[in-house]
*Asks:* 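Dumping the structure here so I can ask a few things about it.
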Amino acid sequence: MHDVKLIRDDPQAFDDALARRGLKPAAKRIVELDILIRAAMTAKQAAENRRNQASKAIGLAKARKDESEAARLMEEVESAKYDLAQLPETEAAASAELEEILANIPNLPAEDVPDGADEHGNEKVREWGTPRNFDFFIRDHVALGEGLGLMDFAAAARISGARFVALKGGLARLERALGAFMLDLQTNEHGFTEISPPLLVRSEALYGTGQLPKFAEDLFRTTSEHSLIPTSEVSLTNLVRETILAESDLPMRMTAHTPCFRAEAGSAGRDVRGMIRQHQFYKVELVSVTTPENSSEEHEYMVHCAEEVLKRLDLPFRTMLLCTGDMGFQARKTWDIEVWLPSQNTCREISSCSNCGDFQARRMDARYRPAGDRKTRFVHTLNGSGLAVGRTLVAVMENYQNADGTIAVPPCLVPYMGGMTRIG
RNA sequence: GGUGACGUGGCCGAGCGGCUGAAGGCGGCGGUUUGCUAAACCGUUAUACGCUGUCAAGGCGUAUCGAGGGUUCGAAUCCCUCCGUCACCGCCA
């Protein structure tokens, strides 16, 4: 959500920022509505003031038993109410239109985000590790998993349809090990507090983080008013909704290991094979709530917390700065981390770390009070995957495969695998 | 799911339909007194928005007593719906 005052003060800057995202100008109508709303509000408040003054006087007149004065004042109230008749509707209609417009406008890109139409405009920031040289014919994770009899897409499809999988034995254990490993790293070494949040959330929460109203078709909705979380960013970030935090509480760093559910409505035909794009997957999420002054620094910190997982797993990756055209709705700046997948001979996204500025905070009404200050300010919120467990499982399988189709367990995971060093 | 009770400011807790944005207390902040601490005393202590003002200080106003509607000249107080909390019962991991 955007600050109307900022748009009012510099409509051109707002439209320029939208243009960087490839969006049409919107400031003109916003400013018109803002003027309309404020005029109606001022007139309404004046009429309400008349009404309130007269009503108070009626009480006093009745106390004096001055019925004629009371009757005269009641007419005064009637007249004020007549003036009041249309104003609230005018204001409400304009406010609704303004809110509708604002709710659907994405966050403005930060200054240092490169312009670009799509992922081709992204910039490589750094890379780490060297892809392994295989002296045998490499398999992708599907061939490996099915070959071992530990990954069953067919059975999952009979139960749930496409884009589901059932992992068995060593692979199920590997998935659990990865989640536990990531969670331990982020909590023990990086200062994030482990949270076990709700997986079903109300639309208010989804609106707060920006999934609604625009991206309803990406969500699984239940028959109640709940939706399944597409990411625990929703639950974790909304933990501070409608609160005023003390500056000393910041940064507030939270992490959770949860399933994520995505309808993938617009992805028909993409990544149809394997575990890359599923309706359900586990993810360890990182969320930071911080001050405007510290959010950029915190953003850097979070990417490094995510990258550290891949370093410990010794998986090659590169970190990309997303261009304006590839960023999500809520983000003002995003780094993606892409892990090396031998079977695809390329890197695939395994983490996305975004600074949302005060965009979500405004939607959630999440504020903090600077130390020694009376006025509250909106917090800045950041989120990042630390990491997507399903895709990490794929990366481990493919990068650690042996010639015989078995999979070596990365050393840092061995303790989490009960000492097992090889799967299959 | 059933029955009953209840949602008031940072917290506790008053509140006959009419100067109640809301008594009182605690806590917080500022000050006086003080060798230090404690105590006592005085003052102060919500948020959002609009108008005004140099988008300052300040002033005026509107709204907010879980949320949204309604009744009324006037609602924290009456009615309805929703959300939530507590207690007991039923069912259940």
Side-chain angles (χ1 to χ4, degrees), chain A residues 1-14 27 30-99 102 196-208 222-227 235 238-249 259 292 358 361-379:
Chain A
M1 186 60 72
H2 295 282
D3 186 352
V4 182
K5 280 184 203 149
L6 252 45
I7 304 174
R8 183 196 302 164
D9 289 347
D10 197 345
Q12 193 55 48
F14 186 74
I30 291 170
V31 171
E32 279 172 9
L33 286 167
D34 178 52
I35 289 168
L36 197 64
I37 290 165
R38 276 158 48 225
M41 197 179 275
T42 304
K44 185 187 79 173
Q45 290 182 355
E48 283 173 341
N49 186 23
R50 275 178 66 204
R51 182 200 61 193
N52 291 349
Q53 297 295 335
S55 285
K56 266 185 193 170
I58 291 171
L60 296 177
K62 291 217 166 179
R64 289 197 307 271
K65 304 263 193 268
D66 187 347
E67 290 301 331
S68 66
E69 174 67 1
R72 193 192 66 74
L73 286 163
M74 279 191 206
E75 280 178 34
E76 167 77 17
V77 172
E78 283 307 318
S79 145
K81 284 177 117 178
Y82 179 80
D83 290 347
L84 212 42
Q86 294 304 323
L87 293 167
E89 283 177 42
T90 308
E91 190 202 327
S95 292
E97 188 186 337
L98 180 60
E99 214 179 297
L102 289 176
S196 177
L199 307 180
L200 288 165
V201 295
R202 289 209 190 125
S203 53
E204 287 85 344
L206 291 157
Y207 178 85
T222 65
T223 50
S224 66
E225 292 300 300
H226 297 106
S227 297
S235 305
N238 275 283
L239 240 27
V240 299
R241 72 176 290 120
E242 292 163 61
T243 60
I244 300 173
L245 301 160
E247 186 170 5
S248 56
D249 294 335
D358 65 6
R362 287 179 182 279
R363 292 173 157 244
M364 297 189 299
D365 190 22
R367 292 167 290 166
Y368 80 103
R369 199 184 304 278
D373 207 335
R374 298 193 71 142
K375 285 290 283 180
T376 57
R377 301 171 74 195
F378 288 108
V379 295

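Protein chains get the first letters and strands the later ones, always in sequence-line order, with residue 1 at the start of each.
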*Asks:* Rounded to the nearest angstrom, tell me the gap between atom NZ in A:Lys44 and atom P in B:A63.
*Replies:*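 It works out to 8 Å between those atoms.
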*Asks:* Tell me the interatomic distance from A:Met74, atom CE, to B:G18, atom C1', rounded to whole angstroms.
*Replies:* 11 Å
*Asks:* Tell me the interatomic distance from A:Glu242, atom CD, to B:A46, atom C1', rounded to whole angstroms.
*Replies:* 16 Å
*Asks:* On a heavy-atom basis, which atom in A:Ala366 and which in A:Arg241 lie closest, and how many Å separate them?
*Replies:* CB-CA, 4.4 Å
*Asks:* When you compare B:G84 with B:A76, how far apart are their P atoms, in angstrom units rounded to a whole number?
*Replies:* 25 Å
*Asks:* Counting only side-chain N and O atoms of A:Asn52, is one of them less than 4.0 Å from OP1 or OP2 of B:U62?
*Replies:* yes
*Asks:* Taking the side chain from A:Asp358 and the backbone from A:Phe378, do they hold a donor-acceptor pair closer than 3.5 Å?
*Replies:*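 Checked: no pair found.
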*Asks:* Taking atom C1' in both B:U8 and B:U64, compute the distance separating them and give it to the nearest angstrom.
*Replies:* 12 Å
*Asks:* Return yes if a side-chain donor-acceptor contact under 3.5 Å exists between A:Glu48 and A:Asn52, otherwise no.
*Replies:*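 Side-chain D/A pair, A:Glu48 to A:Asn52: absent.
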*Asks:* Is the closest basic N to carboxylate O distance between A:Asp34 and A:Arg38 below 4.0 Å?
*Replies:* yes
*Asks:* Would you mind classifying the nucleic acid contact of A:Asp9 as base, sugar-phosphate or nothing, using non-hydrogen atoms under 4.0 angstrom?
*Replies:*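 Base contact - A:Asp9 has a heavy atom under 4.0 Å of at least one base atom.
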*Asks:* Should stems be defined as at least three consecutive Watson-Crick or G-U pairs with both distances under 3.5 angstrom, which of them involve RNA chain B?
*Replies:*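 As far as RNA chain B goes, consecutive pairing (with distances under 3.5 Å) yields the stems B:1-7 with B:83-89, B:10-12 with B:24-26, B:27-32 with B:40-45, B:46-52 with B:58-64, B:66-70 with B:78-82.
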*Asks:* Determine: side-chain N/O of A:Ser55 to OP1/OP2 of B:U72, distance under 4.0 Å, yes or no.
*Replies:* no
*Asks:* Starting at atom OH of A:Tyr368, determine the distance to atom P of B:G10, rounded to an integer number of angstrom.
*Replies:*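 Atom-to-atom, A:Tyr368 to B:G10, this comes out as 19 Å.
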*Asks:* Sticking with atom P, work out how far B:C11 lies from B:G27, rounded to a whole angstrom.
*Replies:* 16 Å
*Asks:* Could you tell me how far B:G28 sits from B:G10 if I compare only their P atoms? Round to whole Å.
*Replies:* 16 Å
*Asks:* Report the residue (A:Arg202 or A:Gly59) whose heavy-atom-nearest nucleotide on RNA chain B is the more 5′ of the two.
*Replies:* A:Gly59
*Asks:* Nearest whole angstrom, please: distance from the C1' of B:C49 to the CD of A:Glu91.
*Replies:* 10 Å
*Asks:* Determine the interatomic distance between P on B:A67 and the same-named atom on B:U77; round to the nearest Å.
*Replies:*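 So the two P atoms sit 11 Å from each other.
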*Asks:* So A:Phe14 and A:Ile30, side-chain contact (heavy atoms from CB on, under 4.5 Å) or not? Walk me through it.
*Replies:* CA-CA 11 Å; A:Phe14 186 74; A:Ile30 291 170; 4.0 Å; yes
*Asks:* Is there a side-chain contact (heavy atoms from CB on, under 4.5 Å) between A:Val240 and A:Leu245 once you walk through the steps?
*Replies:* CA-CA 8 Å; A:Val240 299; A:Leu245 301 160; 4.1 Å; yes
*Asks:* Say you draw a straight line from CG of A:Leu98 to CD1 of A:Ile37; how long is it, rounded to the nearest 0.5 Å?
*Replies:* 4.5 Å
*Asks:* From CD1 of A:Ile244 over to P of B:U47, roughly how many Å is that when rounded to an integer?
*Replies:*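 Spelled out: CD1 on A:Ile244 to P on B:U47 is 7 Å.
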*Asks:* When you match A:Arg367 and A:Asn49 each to their closest nucleotide on RNA chain B, which lands nearer the 5' end?
*Replies:* A:Arg367
*Asks:* What's the gap between B:A14 and B:U52 when it is taken at their P atoms, as a whole Å value?
*Replies:*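 Here B:A14 and B:U52 have their P atoms 44 Å from each other.
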*Asks:* Using the P atom on both, measure B:C60 against B:A75 and round to a whole Å.
*Replies:*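 It works out to 23 Å between them.
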*Asks:* Tell me: NZ of A:Lys56 to C1' of B:A75, nearest whole Å?
*Replies:*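 A:Lys56 atom NZ is separated from B:A75 atom C1' by 14 Å.
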*Asks:* Tell me which nucleotide among B:A63, B:C49, B:C51 gets nearest to the side chain of A:Lys5.
*Replies:*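 Among B:A63, B:C49, B:C51, the one nearest the side chain of A:Lys5 is B:C49.
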*Asks:* Side chains of A:Leu239 and A:Pro197: closer than 4.5 Å at any heavy-atom pair?
*Replies:* no
*Asks:* Ignoring hydrogens, what is the shortest heavy-atom contact between A:Ser235 and A:Pro198? Give both atom names and the distance.
*Replies:* OG-O, 2.7 Å
*Asks:* Looking at A:Arg369, does any N or O in its side chain come under 4.0 Å of the phosphate oxygens OP1/OP2 on B:U47?
*Replies:* yes
*Asks:* On a heavy-atom basis, which atom in A:Arg363 and which in A:Met1 lie closest, and how many Å separate them?
*Replies:* NE-N, 3.3 Å
*Asks:* Tell me which residues in residues 31-38 of chain A put a heavy atom below 4.0 Å from RNA chain B, sorted by number, or none.
*Replies:* A:Arg38
*Asks:* Taking only the P atom of each, what is the distance from B:C29 to B:A38 in whole angstrom?
*Replies:* 12 Å
*Asks:* Write down the distance between CZ (A:Arg51) and P (B:A75), rounded to a whole number of angstrom.
*Replies:*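 These atoms are roughly 7 Å apart.
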*Asks:* Taking all atoms of both residues into account, what is the closest heavy-atom pair of A:Arg377 and A:Pro292, and its distance?
*Replies:* NH2-CG, 3.7 Å
